[in-house]
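Side chains included, hydrogens not; waters and symmetry mates left out as well; all remaining heavy atoms used.
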Amino acid sequence: MSNATQSQTNITAGVQHQGSVERAVFTSLTTLPCCIFLYINGVMLFTMRSKAVLRETPRYILLYNLLFGDTVQLALAQLLYLLAACKITLTFPVCGILTMLCNLTSEISPLTLVVMSLERYVAVCYPLRHAAIITIRSTDVAIALVWTFSFLNILIQVILLLNFPFEELDSLQMNDFCSALAMRLNPMSDYYDRAYTCVVFLSAAGVIICSYIGVMFAARSASTGQALARKARNTVLLHLIQLGLILSSTMYSPLIIAMARTLGRLVIVRIINVLYVCIYILPRCLSALIYGLRDQNIRPILMYHLCCRLKLSVVLVKADV
């Protein structure tokens with residue numbers, strides 16, 4: 001059994017010893033913000049499809065792909081959390097499907113941020129060629145490449161996982177709660193996951209930083225619109241900050257593994273709840289807030305859909321009066 005699996009076993013035992021009242025409180029405190037952000041993300045996705053200008057503009061198409069990946073990832077993560085909180089164990093095949101879907105959607109965000117940064121770089125540094133380079137077709141191709149690259153990663157993980165001798169197990173029913181840590185049954189899977197994560201995030205950070213530097217130089221050029229360059233520079237900087245927040249969620253498992261060696265089980269369970277909200281839920285929920293409230297084309301439509309019921313209730317009250 002790997003160190004990750006041993007640590008997950010300790011965490012599982014901690015959850016089993018956690019009081020029912022405390023578990024209910026922690027579950028409520030994590031589920032409530034998650035549901036709120038899922039609602040906001042859902043409204044944002046609906047908003048992105050409600051207007052033709054949002055459906056046919058490349059940067060909004062990329063934003064929709066980013067939001068979709070974050071929303072699916074958040075929903076799957078909350079599902080796994082609730083299963084653990086309710087002490088429900090799954091079989092290895094079911095858990096494998098859920099964790100692979102989580103891994104798939106978790107890779108979409110950093111890769112999409114890279115494409116979004118390159119789009120802003122082209123808009124500022126090559127404004128006359130932007131419409132010819134960044135088309136709906138090229139955007140769809142870029143999104144297809146992002147999903148294909150992520151699928152290939154999942155395929156490699158599945159191949160590594162199948163090397164585990166499942167036929168030697170008495171039952172396919174898991175003893176631990178379903179999680180990515182519990183499914184790292186092969187040490188090679190753990191090594192591959194670490195290497196892949198490092199390569200993806202270092203490459204993404206390098207591309208975004210280079211895009212930011214290019215936009216900064218373009219902002220000093222007299223031939224480039226200063227307002228456009230400044231807005232693009234701030235956008236690329238937000239991409240870099242968001243990438244850092246997403247990267248922090250990849251530190252979730254290593255932090256738990258390290259603390260599980262020294263801290264008690266109940267303490268670990270409480271820390272898991274705090275880290276889950278701070279470094280897992282929040283980074284996946286910032287896209288709608290950052291881009292939805294900042295963009296002049298999205299903000300009024302988003303606020304209209306978010307406040308629709310409130311406006312309708314006010315109109316009905318006035319009609320009654």
Taking the side chain as every heavy atom from C-beta outward, state whether [X] and [Y] have any pair of such atoms under 4.5 Å apart.
{"X": "Thr135", "Y": "Pro58", "answer": "no"}
{"X": "Met174", "Y": "Thr91", "answer": "no"}
{"X": "Ile134", "Y": "Thr139", "answer": "yes"}
{"X": "Ile136", "Y": "Glu56", "answer": "yes"}
{"X": "Gln157", "Y": "Ile154", "answer": "yes"}
{"X": "Arg120", "Y": "Ser211", "answer": "no"}

Applying a strict under-4.5 Å side-chain criterion to I, L, V, M, F, W and Y, I'd like to know whether [X] and [Y] cluster together.
{"X": "Leu83", "Y": "Ile97", "result": "yes"}
{"X": "Phe149", "Y": "Val141", "result": "no"}
{"X": "Ile40", "Y": "Leu32", "result": "yes"}
{"X": "Leu145", "Y": "Met116", "result": "no"}
{"X": "Leu202", "Y": "Leu111", "result": "no"}

Worksheet entry | Over all atoms of both residues, closest heavy-atom pair of Pro110 and Ala204 | O-CB, 4.2 Å
Worksheet item: Where do Leu38 and Thr71 come nearest, in terms of heavy atoms and distance?
Response: CD2-O, 3.8 Å
Discussion item. Does Asn153 form a side chain to side chain donor-acceptor pair (under 3.5 Å) with Tyr192? I'd like the steps, not just the answer.
Written reply: CA-CA 10 Å; Asn153 171 48; Tyr192 169 78; 2.8 Å; yes
What distance do [X] atom [atom1] and [Y] atom [atom2] have between them, rounded to the nearest 0.5 Å?
{"X": "Leu113", "Y": "Leu118", "atom1": "CG", "atom2": "CG", "answer": "11.0 Å"}
{"X": "Ile108", "Y": "Leu67", "atom1": "CD1", "atom2": "CG", "answer": "13.0 Å"}
{"X": "Thr112", "Y": "Ile143", "atom1": "OG1", "atom2": "CD1", "answer": "7.0 Å"}
{"X": "Gln173", "Y": "Cys95", "atom1": "CD", "atom2": "SG", "answer": "10.5 Å"}
{"X": "Ser150", "Y": "Leu155", "atom1": "OG", "atom2": "CG", "answer": "12.5 Å"}
{"X": "Leu74", "Y": "Phe37", "atom1": "CG", "atom2": "CZ", "answer": "9.0 Å"}

Going by distance alone, is a donor N or O of one side chain under 3.5 Å from an acceptor N or O of the other, for [X] and [Y]?
{"X": "Asn103", "Y": "Tyr196", "value": "no"}
{"X": "Ser50", "Y": "Thr47", "value": "no"}
{"X": "Gln73", "Y": "Thr105", "value": "yes"}

Discussion item. Checking Tyr191 now: which residues fulfil ring-ring contact (aromatic ring centres under 6.0 Å, His included) with it, not counting sequence neighbours?
Written reply: none
Discussion item. Please enumerate all residues that pass ring-ring contact (aromatic ring centres under 6.0 Å, His included) together with Phe92, with sequence neighbours excluded.
Written reply: Phe166
Worksheet item: Which is it for Leu63 and Met44 under the side chain to side chain contact (heavy atoms under 4.5 Å, CB included) test, yes or no, and what are the steps along the way?
Response: CA-CA 10 Å; Leu63 177 58; Met44 183 72 172; 4.1 Å; yes
Practice prompt. Would you please name every residue forming a disulfide (SG to SG under 2.5 Å) with Cys102, sequence neighbours left out?
Written response: none
Worksheet item: Does the pair Thr31 and Leu82 meet the rule for a side chain to side chain contact (heavy atoms under 4.5 Å, CB included), with working shown?
Response: CA-CA 8 Å; Thr31 303; Leu82 291 176; 3.5 Å; yes
Worksheet item: What's the verdict on side chain to side chain contact (heavy atoms under 4.5 Å, CB included) for Met100 and Leu161, showing C-alpha distance, side-chain angles and the deciding distance?
Response: CA-CA 11 Å; Met100 291 304 168; Leu161 183 61; 4.1 Å; yes
Worksheet entry | Neighbour count above 12 (heavy atom, 6.0 Å) for Arg49 CZ | yes
Discussion item. Parallel, tilted or perpendicular, judged at 30° and 60°: which one describes the rings of Phe68 and Tyr64?
Written reply: parallel
Worksheet entry | Worked check of side chain to side chain contact (heavy atoms under 4.5 Å, CB included) between Leu54 and Ile61 | CA-CA 7 Å; Leu54 301 180; Ile61 297 175; over 6 Å; no
